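Residue numbering restarts at 1 for every chain, and letters A, B, ... go by the order of the sequence lines. This structure is a prediction, so every number in the text was calculated from the model and none was measured.
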Amino acid sequence: MATPFPALNQRRGLGHLFNMDLLAGLNSPQREAVTHVKGPLLIFAGAGSGKTRTLTHRIAYLIREHRVPPGRILAVTFTNKAAKEMRERLTHLVGNDASRIWMGTFHAMCAQMLRINGDLIGIDRRFVIFDNDDTLRLMKEILKEADIDTSRYPPSRILHRISDAKNNLRSPQDVESVASSPYQRVLARVYTRYQERLQAAHALDFDDLLGEAVRLLRESEEARHYWSERFLHVLIDEFQDVNMAQFRWAQMLAEKHRNICVVGDDDQSIYAWRGANVKIILDFEVSYQDATVIHLEQNYRSTQNILDAAHGVISQNIGRKAKRLWTEVEGGATLTVHGAINAQEEALWVVRKVQSLQRLGHEHLSDFAILCRVNAQSRPFEEAFMRARVPLKLVGTQRFYDRKEVKDLVAYLKVIYNANDSVALARIINVPGRGIGDVTIQKLQWLAAESNRSLYEVILDAEAVNALGRAVAAKIAPLRNLLKTLQEEAQVNNTVADLVRLVIDRTDYLEHLRRERTVDSIDRQANVQEFINAAEQFDMRMDEMEEPEAADEEDQELLRTGDADLPEGIKRLGTFMESVALEGDAEGGTGAGSNEAVTLMTLHSAKGLEFPIVFLAGMEQGLLPHARALWGEQAGEEELEEERRLCYVGLTRAQQQVFLTFAAQRTLQGRTESTQPSQFLDEIPSHLVERAGLAAANAPSAYDVATSWNRPGVSSTFRPAGVAASSSAEPPKFSIGDRLRHPTFGEGLVVNASPSGGAGEWVEVAFLNSETGKKKLVVAYAPLEKV
DNA sequence: ATGCACGTACTTTTT
DNA sequence: GTACGTGCAT
């Protein structure tokens, strides 16, 4: 085979056009990181230490000062957002050269390499990418087909295990060879079948993008030679989050020139549950014994008080690299810990605090962020903010391309692009409803599996379909015609938006949504419109890029060899779907933008962000640290340490002020429980903390809300003073059936009550006022009056 | 084939 | 408390 690879670019950069001093304004370790050129480099970049600045300046420095051709630099991130931000910042530093750098997510970079020469290891150039939804559907099908009990083997858990295997570069055979339990044997079998089905659909899942890219480099001498020769520099962001597959891939790419630069912070590793392996960053110096190690510990974000508090917490972790952030901003406001009676009161306190800080000069609501451990915490905040008429925006809830209606339309596009994508076809086979029921779909799928054909091929097989009965055949025929028409149109039509509109039109999809008389029907219709807009925007981008001056010449050459002679429209469609799969959220998606509002999000989605004022809500045992890390089956020191890192991430988001709140009672999963303040609160040096509410040192015993605070062996400085460690023997004041009155909620009936009285006594009251409904109240706290 | 009712189970989320 | 999945009845 003739080599598919062009000669490598030796062209000099255009750096002389930009005069800005790349080293100006950098501190000395940052400079060292920027100017280090040869050999492996490990940068421990603490929160707010100017990581992105260092990384972008380093790349710019390589291009401008060392004349490294931009096309021979590979810079990898985890999210599209990070890649985009980096590219933008680089454009300011090196201009158009920025567009020639190989920069993007692991998945996007791997996908690109596989599109270019996946054929060397037998991967169809036109492979499609299965997202989580696709893989879940596929897995359910497989389990059904194999008659495996889904309650004993939940599809999502199996997928998680498979993902785990792939992240560690273990094949189905590997899993099988070490299988020692029935569960593992089933797993190996299902994994094997899963891969077969993916292959049949010409599909790769997200993990395959990495795994197959590794396989490409391992198995194709030619590819390995080219790519490792090509990249003079490999840079990896958020290195604490890499998994084995990602690390191996990067290692192979960097093996020739050995210029591998990794940046990360082990203290911010919060994604172990999705395959991240902190040990990789901790062991980097073992993998590369000649690595230069640089610590960025000067923080440009927070006050020293905040950093000290954060350090108090994180330093409790054993498995970490010793380090400590510092700042020139001495002192700062003390942190506040506020204990509330329940989640509603907690939310109320936060709104009031926001309002009072606003009066003190924080005019921008965007200065405030409320960070929580789980999404379920958001409800009381939404309610409290709504009532107080303070705008609150929830970040990171449902993503645009995850919406059902959008996925339906994407599934149509997938089928048009690749009719053998049986998962996509199964999704839309009866959407909108065309009278093809589950039983029929089952039969069709069984036929497909049996004859080793795709679902589409079976549908085309008139004989097979007729065998299922006249009624079924009559329903399948229009579908067959529909798909044929759509495919034909796709050959002619060049724009994705036209195709989307055609799908919506021919399937009468909007009418289908209107008929669904649900609350979200209107939203869904709007999302369909939004999807058309997204497609239009994509088309516009493609038109702009018609003159492909962006990519390196050698990349164009590579991609040319990769281009099958497909109709323009189909090619476009492929690009569009790849962008949908790999860049989860559309620009115009939710479009919340810069609305002036308080931000509410999970600690996970807060990583990388900063806010002047941060509220950490739900600082309780069981929430942060989460119950699963504390008391769950897989609870352990490592899990607890990840929770602690989560807390650390939260604290280090704050620039000026931190408020930590907890609720003495919390209703989670329909159950109201007494809670204990988070152990992490005790890890913050007490001189940095001011206590309020139930956390106040002098809180009256009337605030004592939970006997569980007196749990033996657990001591907390956040327990109100005056609370004896022994439980009270007082008789309860209320019992089931009593009528009572509350000044705000009105009259009600006691439907449930604590068995014992005293400080911990509580009652569950059904209020006559239907708006209030049922409430659990602490007798000692709530002003209740017997009627 | 479709719709309703009941039971169960449940972090975190990017690609 | 909700959301989802299964099972039964229409």
Euclidean distance, atom [atom1] of residue [X] to atom [atom2] of [N] [Å, nearest integer]:
X: A:Glu578; N: B:dT15; atom1: CD; atom2: C1'; value: 11 Å
X: A:Asp438; N: C:dT6; atom1: CG; atom2: P; value: 10 Å
X: A:Lys144; N: C:dT6; atom1: NZ; atom2: P; value: 7 Å
X: A:Gln344; N: C:dG1; atom1: CD; atom2: C1'; value: 12 Å
X: A:Arg157; N: C:dC4; atom1: CZ; atom2: P; value: 21 Å
X: A:Phe206; N: B:dT13; atom1: CZ; atom2: P; value: 16 Å
X: A:Asp134; N: B:dT14; atom1: CG; atom2: C1'; value: 15 Å
X: A:Leu646; N: B:dT11; atom1: CG; atom2: P; value: 14 Å

Among [options], the nucleotide that comes nearest once only the side chain of [X] is considered:
X: A:His604; options: B:dT15, B:dT11, B:dT12; value: B:dT12
X: A:Lys140; options: B:dT15, C:dG5, B:dT12; value: C:dG5
X: A:Thr79; options: B:dT15, B:dA1, B:dT12; value: B:dT15
X: A:Asn430; options: B:dT11, B:dT2, B:dT13; value: B:dT2
X: A:Leu582; options: B:dT15, B:dT12, C:dT2; value: B:dT15

NA contact type, [X], heavy-atom cut-off 4.0 Å: base, sugar-phosphate, or nothing?
X: A:Gly435; value: sugar-phosphate
X: A:Ser605; value: sugar-phosphate
X: A:Gly437; value: sugar-phosphate

Donor + acceptor pair across side chains of [X], [Y] (<3.5 Å):
X: A:Gln445; Y: A:Glu141; result: yes
X: A:Glu238; Y: A:Gln240; result: yes
X: A:Glu620; Y: A:Gln676; result: no
X: A:Asp237; Y: A:Thr77; result: no

Is any side-chain N or O of [X] closer than 4.0 Å to OP1 or OP2 of [N]?
X: A:Lys607; N: B:dT12; result: no
X: A:Thr602; N: B:dT11; result: no
X: A:Thr150; N: C:dG5; result: no
X: A:Asn132; N: B:dT13; result: no
X: A:Thr440; N: B:dA1; result: yes
X: A:Asn375; N: B:dT13; result: yes

_First encountered from the 5' end of DNA chain B, between A:Ala376 and A:Thr105_ = A:Ala376
*Identified salt bridge (charged side-chain N to carboxylate O under 4.0 Å, His left out) counterpart of A:Arg427 within the set A:Asp131, A:Asp133, A:Asp134*: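 Among A:Asp131, A:Asp133, A:Asp134, the one that satisfies the salt bridge (charged side-chain N to carboxylate O under 4.0 Å, His left out) with A:Arg427 is A:Asp133.
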*Do you know which of A:Asp267, A:Asp266, A:Asp265 makes salt bridge (charged side-chain N to carboxylate O under 4.0 Å, His left out) with A:Arg320?*
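With A:Arg320 as partner, A:Asp267, A:Asp266, A:Asp265 yield a single salt bridge (charged side-chain N to carboxylate O under 4.0 Å, His left out), made by A:Asp267.
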_Would you say the base of B:dT11 stacks on A:Trp273 (centre-to-centre below 5.5 Å, plane angle below 30°)?_
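Stack criterion not met.
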